[in-house]
Amino acid sequence: MVSETILEFYPFDVDYSSNEGAIRIFGVTSDDKRVVVLDKNFKNYFYVIINPKKEESAVEYLENLEVASEETKIKPLDIKIVKKKLVGNPITAIKIVVENPSDVSILKDYIKETPGYIDRVEEDIPHYKKYLLRNKVPMGSKLICHGKKVDAMKYNADYVIETNKLESDGENFEKTRIMAMDIETYNPKGNPSSSKDPIIMISMQTNDGFKKVITWKQFENPQKYVKFVDSEMDIFLELSKTIEKIKPDIIVGYNSDVFDLPYIFERAEKYKIKLAWGLDKTNLNVRRRGTNAVSKINGIPHVDMFQFIRNILGPTLKTETLDLNSVAKEIIGEKKKEGINWTDIHMYWDEGGEKLKKLVEYNMHDSKITLKLAEKLSPIVLELSRIVGQPLFNVSRMRYGQCVEWFLAKNTDEFNELIPKKPYSKNVGERFVRSYEGAYVHKPKPGLFENIVVYDFRSLYPSIIVSHNICPTTLFCDCCKKGYETPKIKDKTYTFCEKEKGFIPKLLEDLIKRRMRIKEILKDMKKSDADYSILSARSYAIKTIANSAYGFYAFPRSRWYCIECAESITAWGRKYIKDVIEKAEKDKFNVLYSDTDSIMISLEDSNLDKIEKFAKKINKELPGMMELEFEGFYPRGIFVEAKKRYALANKKNELTIKGLEVVRRDWSSIARNTQREVLEALLIKGSTEKAVDIIRNRIEQLKNREVPLKDVAILTQLKRRIEDYSSIGPHVAAAKKSKQNFERGHMISYVVTEGVGSISEKSYVITDVENKDMKYDSDYYINNQLLPAVERIFSAIGVSKDELKGKLQKKLDGFFGDKK
DNA sequence: TTGAAG
DNA sequence: TAATACACTTCAA
């Protein structure tokens with residue numbers, strides 16, 4: 001008889017093993033021991049929805065159901081009639097519990113024959129995910145495990161415990177050990193290919209001070225952290241040993257899903273070396289799907305920072321490309337090592353000595369900045385994982401839609417709701433072609449203005465969802481005669497229940513209130529406080545989910561798709577912002593502009609009293625949790641004719657620029673920088689003269705070819721495969737002419753060169769322009785890039801194209817005159 | 001001049 | 001495997 005054990009630990013990964021017949025929770029104790037907890041108590045289940053009139057015969061059928069399968073007979077372990085709701089509609093269902101998760105797919109064809117059968121739900125969810133939906137296993141947060149110790153032979157762990165009870169405590173693990181890694185390959189002939197090009201070194205670094213570079217060519221006076229091995233093959237043996245020794249809780253890389261880990265895997269396979277890194281002693285598992293890949297280690301979450309940044313963080317970043325260098329620069333203020341071009345790496349290897357030492361430094365530096373990124377971002381991924389309720393490995397690869405879906409699925413039980421099925425592809429197709437009206441954008445007053453006040457609605461769409469109870473479960477309810485009625489949407493209105501809170505608005509309300517509490521606490525904290533980064537990560541993760549709910553209603557593959565809900569949200573949004581505009585104009589404020597949830601007003605002076613009163617008045621009339629907030633005061637701003645394009649300068653002389661060429665990556669740096677300088681001259685210095693001078697100088701520089709090539713490069717993404725283009729734009733033409741292999745999704749940096757023909761014919765990829773020593777087309781950059789960008793700004797302040805040219809001409813004449 | 005594609 | 005609105009370019013018909 002084995003006595004009961006109680007163990008506190010922090011989970012980092014969860015899966016299901018059919019061999020064990022158990023859910024496996026992998027984690028770490030506070031004294032750095034590895035733990036595997038086996039839970040055999042959770043049985044999989046699904047629901048069959050039936051006609052309530054056939055209840056009895058349905059139960060009888062299911063009670064007697066028995067399917068013969070190899071050697072055994074399979075039947076439901078338990079059946080139970082339940083009254084549930086499916087997207088708000090009361091239904092009768094039978095919950096069918098099975099012994100083994102695999103029984104679901106064996107039984108389901110026979111379930112169809114149930115008398116009164118209508119549908120089946122919750123059968124399409126993998127067992128471990130279902131477990132996580134119904135059992136709280138917060139990643140990186142303390143669990144108290146009751147159970148008995150069992151044989152640990154099969155695992156690379158200190159404790160293996162079969163549990164009968166798990167309690168969650170809420171305390172976060174403070175010593176999460178993150179290991180970053182990066183590889184370099186020997187690829188003299190272009191893109192690295194794992195079938196030909198060896199790995200020459202691997203670097204690793206952890207957040208608790210461990211550093212190592214493994215390489216198989218010796219050089220003098222190596223860095224302390226270098227470990228020489230005899231051959232490429234030995235790299236893999238040394239790497240496996242190192243991982244086993246340092247026991248990381250999380251392994252991170254940058255693009256490691258698609259590059260580093262598959263490459264390591266494929267090279268090791270060549271030498272028939274197994275990479276048994278999993279806590280269950282299984283090998284690194286690489287699944288390739290076309291150009292995509294997912295690399296998993298059982299028990300140790302592999303987080304590819306690139307995936308998370310691309311899917312979730314990317315839209316909030318300023319950077320135009322998501323390569324490690326740009327992302328690191330923006331998020332942690334660090335760059336990659338300069339001076340080594342990745343195409344030259346093979347030369348550093350061949351030359352050896354000091355060059356090789358430099359390459360080692362470079363390799364280590366990449367691991368270092370990947371690690372720093374992970375230190376900064378892993379709190380967010382962990383928080384997101386805890387809110388969504390799925391493993392770190394999965395959540396770090398999810399997009400917005402999946403995050404919301406799993407978050408909602410986790411919370412259906414307390415509302416007695418079932419998880420609806422995924423839509424059939426036929427329905428998805430129909431949904432894709434449906435469109436609806438979006439937000440309202442007020443036509444701007446062009447010109448230069450002073451004393452600008454900006455107000456915006458705090459979380460407009462989430463607060464509308466909550467305040468008007470917008471949910472597929474409350475749409476067209478039977479209980480309210482009136483309910484919340486939307487403004488007119490193409491001659492009709494929708495009504496939402498006023499009595500019973502919908503399941504999604506209720507969850508959103510809880511999230512928003514939770515975030516408000518966190519923000520209150522953060523206000524009184526210093527950035528250096530221990531919990532600051534955790535709380536701000538939590539706030540960010542909550543915001544991510546809350547802001548995605550509206551989009552999820554309109555998302556064709558959504559399980560809770562509701563186009564009427566999405567239409568209602570934007571309709572109310574339009575009404576509220578238009579009301580504010582109307583009332584502001586009635587109160588004689590000068591409304592300059594408004595977009596979706598914000599309004600900009602120009603005052604005669606910087607006295608904000610009047611406008612504070614105005615906001616208070618608006619807020620008194622707003623329902624529920626809706627609120628108009630003061631966003632900021634800007635001494636000067638420029639609005640151009642077009643919507644969604646303006647620039648504001650705050651008291652600190654910082655510019656906020658929206659939509660203008662300055663912020664667009666598909667414009668050359670020379671055009672963008674010049675436009676920025678012109679805006680600074682006008683908004684901060686208040687001088688048209690200075691602005692004209694700047695333009696004149698830039699034109700001269702272009703004419704004299706003093707502008708470096710990188711400043712005339714234009715960045716455009718290849719959205720399709722090159723061969724799929726019917727219309728050949730300049731970026732496609734440049735990519736086609738290049739010897740480099742460009743694939744869908746690649747960014748093309750091209751330059752328009754001197755010569756004859758169309759723009760496309762004159763466009764070449766920047767590296768080709770460099771290599772072939774071609775010259776950029778000065779006229780193109782002056783007339784098609786620089787001038788249009790600044791002309792828009794000048795025409796806003798009442799200087800026409802011709803007038804601007806006149807001013808420039810005079811200046812240029814004078815300039816030439818001086819020169820002579 | 002207009003629509004497609006970016 | 002979140003949404004729509006909007007401006008403006010180049011290319012090709």
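Everything numeric in this text was worked out from a predicted model, so none of it was measured. Side-chain atoms are counted along with the backbone in the values below, which use heavy atoms only and exclude waters and symmetry mates.
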Using a 4.0 Å heavy-atom cut-off across all strands, classify A:Y553 as base, sugar-phosphate, or nothing. nothing
Quick one: which of C:dA7, C:dT1, C:dT4 gets closest to the side chain of A:F555? C:dT1
Sugar-phosphate only, base, or nothing, as touched by A:T596 at under 4.0 Å among non-hydrogen atoms: nothing
To the nearest Å, how far apart are A:I714 CD1 and B:dG6 C1'? 13 Å
Residue A:R645, side-chain atoms from C-beta onward, closest of C:dC8, C:dA3, C:dT1: C:dC8
Shortest side-chain distance from A:S758, nucleotide among C:dC11, C:dA2, C:dA7: C:dC11
Side-chain N,O (A:K644) to OP1/OP2 (C:dA7) below 4.0 Å: no
Could you please name the option among C:dC8, C:dT1, C:dT10 that lies closest to any side-chain atom of A:A642? C:dC8
Inspect the contact between A:E122 and A:K421 and indicate whether a charged nitrogen and a carboxylate oxygen are less than 4.0 angstrom apart. no
Which of these nucleotides, C:dC11, C:dA7, C:dC8, is closest to any side-chain atom of A:R792? C:dC8
Tell me which nucleotide among C:dC11, C:dT9, C:dT1 gets nearest to the side chain of A:P730. C:dC11
List the atom of A:P262, the atom of A:R288, and the distance in Å for their closest heavy-atom pair. CB-NH2, 3.5 Å
Check this one for me: any side-chain N or O of A:N547 less than 4.0 Å away from OP1 or OP2 of C:dA3? no
Without decimals, in angstroms, what is the distance between A:E661 CD and C:dT10 P? 12 Å
How many whole angstroms separate atom CD of A:E567 from atom P of C:dT4? 11 Å
Please state how far atom CZ in A:R434 lies from atom P in C:dT4, giving the value in whole angstrom units. 12 Å
Where the side chain of A:Y550 is concerned, which of C:dA7, C:dA3, C:dT1 is the nearest nucleotide? C:dA3
Interatomic distance where CG belongs to A:L660 and P belongs to C:dA7 [whole Å]: 13 Å
Are A:E405 and A:R557 ion-paired here, with the side-chain N under 4.0 Å from a carboxylate O? no
Starting at atom CD1 of A:I722, determine the distance to atom P of B:dG6, rounded to an integer number of angstrom. 13 Å
What nucleic acid atoms does A:A554 come within less than 4.0 Å of, heavy atoms only: base, sugar-phosphate, or nothing? sugar-phosphate
Taking A:K578 first and then A:E582, would you say they form a salt bridge - that is, a charged N and a carboxylate O separated by under 4.0 Å? no
Starting from the 5' end of DNA chain C, give me the residue, A:R557 or A:E437, whose nearest nucleotide shows up first. A:R557
Rounded to whole Å, please give me the gap between CD in A:Q402 and P in C:dA3. 12 Å
Starting at atom CD1 of A:I728, determine the distance to atom P of C:dA12, rounded to an integer number of angstrom. 7 Å
Does A:T716 put a side-chain nitrogen or oxygen below 4.0 Å from OP1 or OP2 of B:dG6? no
Indicate yes or no: does A:R672 engage A:E661 in a salt bridge with an N to O separation below 4.0 Å. no
Taking any heavy-atom pair under 4.0 Å as a contact, classify A:G438: base, sugar-phosphate, or nothing. sugar-phosphate
Does A:Y461 put a side-chain nitrogen or oxygen below 4.0 Å from OP1 or OP2 of C:dT4? no
Of the listed B:dG6, C:dC6, C:dA2, the closest approach to the A:V441 side chain comes from C:dC6
Just to be sure I understand the rule, does A:N784 reach a base, reach only the sugar-phosphate, or reach nothing, if contact means heavy atoms closer than 4.0 Å? sugar-phosphate
Which of these passes side-chain contact (heavy atoms from CB on, under 4.5 Å) with A:V466: A:L511, A:D510, A:I512, A:L507? A:I512
Centroid-to-centroid, A:F503 to A:W560, below 6.0 Å? yes
Where the side chain of A:H731 is concerned, which of B:dG6, C:dA7, C:dT4 is the nearest nucleotide? B:dG6
